[in-house]
Student: 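Let me begin by handing over the structure; questions about it come next.
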Amino acid sequence: MAVNSREIMMKKVFEKLEIRMLSALASPVARVHKRLNLWFRDTAGGDARPVVFDIDDTIPELRAIDRAFPDIRSEFLNAAETVAVMPTYHELDPLQRSISATTPYDWRMFYLYAMGSVAKDNAGLCPKTIEALKRVPNLFQASFSVLDPGKSVPAHEGPYYGYLRYHLGVEVPTDDPPCIRIHDTFHTWREGGSVLFDDSWDHEVINKCSGRRVVLIVDVLRPMPTPQHLANRVFALVTRSFYGRRILQRLEKTAAAAV
């Protein structure tokens with residue numbers, strides 16, 4: 001018991017150190033991020049920016065993912081049985097602890113793309129899902145988001161105005177299904193149903209169901225005029241090297257430790 005307590009304590013210490021190191025190293029990137037965020041927020045409409053978007057009018061290529069739903073669901077279910085471990089969100093990204101680890105039960109992530117970097121082992125288990133994702137231009141990130149029964153996510157705001165977020169319901173209980181509140185809009189997930197929204201608005205997940213909830217999350221660079229779009233693409237490349245690859249490194253370490 002004492003050994004386990006020390007291990008837990010050391011893990012928390014290292015997580016805190018990692019967060020501090022990331023914060024220190026991120027200072028120049030953070031300054032650019034702040035300036036771009038102000039620019040992109042104004043471009044999106046400021047406080048009048050939309051909450052939910054019409055997929056066909058905004059990013060119609062996302063319909064390729066809708067159409068691939070049966071294959072996507074099948075691949076996830078098979079992958080979930082195949083992988084030795086599916087890490088929690090905050091194990092892969094310690095900066096998300098405040099939203100991942102502060103309510104009961106677990107929120108797990110099965111990454112396919114982390115800010116443009118490919119999670120090769122996971123992607124190899126989901127070839128048809130990857131094929132559908134490749135049809136979407138300006139793809140930034142993609143993952144299966146897995147909530148344990150009864151796992152809610154507290155209210156928070158996405159950190160970046162440079163992308164829009166798409167959800168596809170992959171596995172959703174029909175008895176008291178969970179829902180997401182985005183600003184003043186509520187969306188209840190259903191299998192095969194999709195929604196496109198602005199993640200920068202305050203949002204939370206309300207989940208009282210007795211079954212697992214799985215959603216495919218796809219982040220796509222926000223459609224903007226050419227100057228903003230080019231700046232957004234460059235910053236996306238920076239975050240891939242600085243941030244996305246670190247997430248995948250933690251994923252690889254977690255998988256190796258489980259073997």
Side-chain angles (χ1 to χ4, degrees), residues 19 22-62 65 89-90 93-100 102 109 113-117 133 136-143 145 153-168 179-187 194-206 215-244 246-247:
I19 291 173
L22 280 173
S23 299
L25 292 171
S27 293
V29 177
R31 286 194 292 270
V32 174
H33 170 267
K34 184 176 181 179
R35 292 180 181 179
L36 287 178
N37 249 357
L38 291 173
W39 190 21
F40 295 164
R41 187 181 188 280
D42 288 344
T43 301
D47 289 338
R49 67 191 187 282
V51 177
V52 176
F53 294 77
D54 184 291
I55 292 175
D56 295 309
D57 290 342
T58 310
I59 309 174
E61 294 88 349
L62 288 167
I65 302 175
Y89 193 9
H90 58 276
D93 186 353
L95 296 175
Q96 306 304 325
R97 173 170 284 277
S98 63
I99 61 172
S100 173
T102 54
M109 298 294 279
Y113 289 89
M115 301 182 181
S117 295
L133 289 170
V136 180
N138 301 310
L139 179 70
F140 184 53
Q141 196 157 235
S143 60
S145 169
V153 178
H156 62 286
E157 298 175 2
Y160 188 49
Y161 291 89
Y163 65 83
L164 299 179
R165 176 157 289 181
Y166 162 97
H167 278 186
L168 173 72
C179 68
I180 182 170
R181 177 192 62 79
I182 314 149
H183 190 46
D184 55 1
T185 300
F186 286 82
H187 173 79
S194 59
V195 63
L196 179 66
F197 63 95
D198 186 338
D199 173 71
S200 68
W201 282 110
D202 175 84
H203 58 284
E204 65 180 323
V205 172
I206 303 159
V215 165
L216 176 63
I217 297 178
V218 181
D219 293 337
V220 183
L221 297 185
R222 183 190 291 272
M224 291 186 286
T226 299
Q228 290 93 323
H229 176 67
L230 292 176
N232 202 15
R233 284 182 63 88
V234 171
F235 191 72
L237 290 173
V238 172
T239 55
R240 176 191 301 182
S241 301
F242 184 80
Y243 195 71
R246 294 182 64 86
I247 290 175

Student: What is the distance from atom OG1 of Thr43 to atom CE of Met224, rounded to the nearest 0.5 Å?
Tutor: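 These two atoms lie 6.0 Å from each other.
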
Student: Find out whether His33 and Thr239 are in side-chain contact, i.e. whether some heavy atom of one side chain is under 4.5 Å from a heavy atom of the other.
Tutor: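 Side-chain contact under 4.5 Å: no.
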
Student: Tell me the closest heavy-atom pair linking Asp57 and Asp54, and the distance in Å.
Tutor: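 Closest pair (atom of Asp57, atom of Asp54, distance): N-OD1, 2.9 Å.
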
Student: Is it the case that Ser200 and Arg49 place a side-chain donor and acceptor less than 3.5 Å from each other?
Tutor: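 There is such a pair (donor and acceptor under 3.5 Å, judged by atom type) between the side chains of Ser200 and Arg49.
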
Student: Any sub-3.5 Å donor-acceptor pair from Asn37's side-chain atoms to Tyr161's backbone N or O?
Tutor: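 At least one qualifying donor-acceptor pair exists.
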
Student: Got a sec, which residues hit ring-ring contact (aromatic ring centres under 6.0 Å, His included) with His167, two or more places apart in sequence or on another chain?
Tutor: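 Applying ring-ring contact (aromatic ring centres under 6.0 Å, His included) to His167 gives Trp189, Phe197.
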
Student: Return yes if some donor-acceptor pair links the side-chain N/O of Trp201 with the main-chain N/O of Pro50 below 3.5 Å, else return no.
Tutor: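 Confirmed, Trp201 side chain pairs with Pro50 backbone.
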
Student: So do the side chains of Phe53 and Pro223 get within less than 4.5 Å of each other, counting heavy atoms only?
Tutor: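 A side-chain contact is absent here, since even the closest heavy-atom pair is not under 4.5 Å.
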
Student: Is it the case that His203 and His183 place a side-chain donor and acceptor less than 3.5 Å from each other?
Tutor: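 No - no donor-acceptor pair under 3.5 Å links their side chains.
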
Student: What are the two closest heavy atoms between Ser117 and Arg240, and how far apart are they?
Tutor: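 The pair with the smallest heavy-atom distance is OG-CG, 2.9 Å.
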
Student: Could you tell me which non-hydrogen atom of Ile182 sits nearest to which non-hydrogen atom of Val51, and how far apart they are?
Tutor: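 Closest approach of Ile182 to Val51, heavy atoms only: O-CG1, 3.4 Å.
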
Student: Checking Asp198 against Glu157 for the side chain to side chain contact (heavy atoms under 4.5 Å, CB included) test, could you report, in this order, the C-alpha distance in whole Å, the side-chain angles of both residues, the deciding distance, and whether it holds?
Tutor: CA-CA 10 Å; Asp198 186 338; Glu157 298 175 2; over 6 Å; no

Student: Report yes if some heavy atom in the side chain of Tyr166 is under 4.5 Å from a heavy atom in the side chain of Val220; otherwise report no.
Tutor: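 Not touching, per the 4.5 Å side-chain cut-off.
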
Student: Once you round to the nearest 0.5 Å, how far does CG of Leu36 lie from OH of Tyr160?
Tutor: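 So the CG of Leu36 and the OH of Tyr160 are separated by 5.5 Å.
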
Student: Between Ile217 and Arg165, is the side chain to side chain contact (heavy atoms under 4.5 Å, CB included) condition met? List the steps.
Tutor: CA-CA 7 Å; Ile217 297 178; Arg165 176 157 289 181; 3.5 Å; yes

Student: Does some side-chain heavy atom of Met109 sit less than 4.5 Å from a side-chain heavy atom of Asp93?
Tutor: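 Of all side-chain heavy-atom pairs linking Met109 with Asp93, none is under 4.5 Å.
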
Student: Taking the side chain as C-beta and beyond, is there a heavy-atom pair between Leu62 and Ser194 under 4.5 Å?
Tutor: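 The answer is no; the side chains never approach within 4.5 Å.
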
Student: How long is the gap from CG on Leu168 to CG on Leu196, to the nearest 0.5 Å?
Tutor: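 Going from CG on Leu168 over to CG on Leu196, the span is 12.5 Å.
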
Student: Testing Asp199, Thr58, Leu221 one by one against Leu164 for a side-chain contact (heavy atoms from CB on, under 4.5 Å), which residue passes?
Tutor: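 Checked Asp199, Thr58, Leu221 against Leu164; only one passes side-chain contact (heavy atoms from CB on, under 4.5 Å): Thr58.
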
Student: So how far is it from Leu133 CG to Leu216 CG, rounded to the nearest 0.5 Å?
Tutor: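 Answer rounded to 0.5 Å: 6.0 Å.
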
Student: If you measure from CD1 on Ile99 to CD on Glu204, what distance do you get to the nearest 0.5 Å?
Tutor: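 Going from CD1 on Ile99 over to CD on Glu204, the span is 12.0 Å.
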
Student: Which atom names give the shortest non-hydrogen contact between Ala231 and Trp39, and what distance separates them?
Tutor: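 So the minimum-distance heavy-atom pair works out to CB-CZ3, 3.8 Å.
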
Student: Say you draw a straight line from CD1 of Ile59 to CG of Asn138; how long is it, rounded to the nearest 0.5 Å?
Tutor: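 Going from the CD1 atom of Ile59 to the CG atom of Asn138 covers 8.0 Å.
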
Student: Testing the basics here: between Phe186 and Cys179, what is the closest heavy-atom pair and its distance to 0.1 Å?
Tutor: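 Heavy atoms only, the tightest pair is CD2-SG, 4.2 Å.
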
Student: Without swapping roles, check the side chain of Asp219 against the backbone of Phe140 for a donor-acceptor pair under 3.5 Å.
Tutor: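 Pair absent, no side-chain N/O of Asp219 close to backbone of Phe140.
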
Student: Ignoring hydrogens, what is the shortest heavy-atom contact between Tyr89 and Ser100? Give both atom names and the distance.
Tutor: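 Heavy atoms only, the tightest pair is CB-OG, 3.5 Å.
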
